[in-house]
Asks: 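Quick one: the structure is below, questions incoming.
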Amino acid sequence: MPQPLDINTELARSVTVQRIQELADRTSLAAQHRHAQHAQQEQLDAETRVQEPPVSEQQPAVTDQHGGDRDSRGGADSSGHAPEHATDAGGAGELAVIHDASEQHTLDVTV
C-alpha cells in the first residue's frame with residue numbers, strides 16, 4: 001500500500017533543498033569574488049613593481065680590459081704599431097680607438 005503524503009514533511013524537504021542550493025550559490029559567488037580580488041591584486045603588484053631589464057640585455061661599461069695594452073685589441077700590425085684609426089672587431093655601435101705615438105709602451109731593461 002502506498003504511504004500517505006505528509007504536507008509538512010514534503011514542505012520541509014523542499015525548503016531544505018532550496019537552502020542547500022542557495023548555500024552552494026553563495027559559496028560559488030564568494031569563490032568568484034576572491035578570484036577576482038586576487039587577480040586585481042596581482043595586476044596592481046605588477047604595475048607598481050620596478051621593471052628591470054634581464055641581465056642578458058644589459059650592456060657592459062666601456063672599460064680597458066687589457067690593462068692599457070690597446071695594441072692587443074686587433075689593430076696592431078706585425079711591427080707592433082697600430083693604425084691611426086683602429087676599431088674593435090665587434091662591429092656596429094662600438095667606439096673607435098685612436099692610437100697615437102704617446103700611447104706606445106717601450107720596455108727598456110738594462111742589467
Side-chain angles (χ1 to χ4, degrees):
M1 299 232 4
Q3 295 284 332
L5 293 177
D6 183 22
I7 299 290
N8 291 332
T9 305
E10 293 301 319
L11 189 60
R13 284 183 187 173
S14 174
V15 169
T16 305
V17 168
Q18 269 185 331
R19 287 183 181 172
I20 291 173
Q21 286 177 344
E22 288 174 3
L23 182 65
D25 290 342
R26 289 179 189 164
T27 305
S28 175
L29 186 61
Q32 287 176 357
H33 185 66
R34 277 193 308 268
H35 179 71
Q37 282 182 335
H38 181 69
Q40 184 179 14
Q41 184 64 36
E42 284 182 354
Q43 179 69 23
L44 183 64
D45 290 344
E47 289 175 356
T48 58
R49 187 178 313 126
V50 175
Q51 299 292 330
E52 295 181 8
V55 177
S56 62
E57 292 181 11
Q58 292 179 350
Q59 298 295 327
V62 178
T63 59
D64 190 8
Q65 299 174 355
H66 300 288
D69 186 14
R70 292 186 179 176
D71 291 343
S72 65
R73 291 181 133 176
D77 59 3
S78 62
S79 66
H81 295 92
E84 185 64 27
H85 296 284
T87 59
D88 287 340
E94 295 192 16
L95 300 174
V97 178
I98 301 173
H99 298 281
D100 59 357
S102 66
E103 290 186 7
Q104 292 181 355
H105 300 283
T106 56
L107 180 62
D108 184 20
V109 179
T110 55
V111 181

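The first residue in the sequence is number 1, and the count goes up from there. For the numbers below, each heavy atom of this structure counts, side chains included, while hydrogens, waters and symmetry mates do not.
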Asks: Could you point out which residue of V17, L23, V15 forms a side chain to side chain contact (heavy atoms under 4.5 Å, CB included) with R19?
Replies: V15
Asks: Pick one: which of Q41, E42, Q40 meets side chain to side chain contact (heavy atoms under 4.5 Å, CB included) with H38?
Replies: E42
Asks: Working note: D25 + L29, criterion side-chain contact (heavy atoms from CB on, under 4.5 Å); need CA distance, chi angles, decisive distance, verdict.
Replies: CA-CA 6 Å; D25 290 342; L29 186 61; over 6 Å; no
Asks: Under 3.5 Å, side chain of S14 to main-chain N/O of E10, donor-acceptor pair present?
Replies: no
Asks: In this structure, are over 12 heavy atoms from other groups packed under 6.0 Å from L44 atom CG?
Replies: yes
Asks: So how far is it from T9 OG1 to R13 CZ, rounded to the nearest 0.5 Å?
Replies: 7.0 Å
Asks: Donor-acceptor pair, distance only, cut-off 3.5 Å: does the side chain of S28 make one with the backbone of A24?
Replies: no
Asks: For Q43 and E47, does a side-chain donor sit closer than 3.5 Å to a side-chain acceptor?
Replies: yes
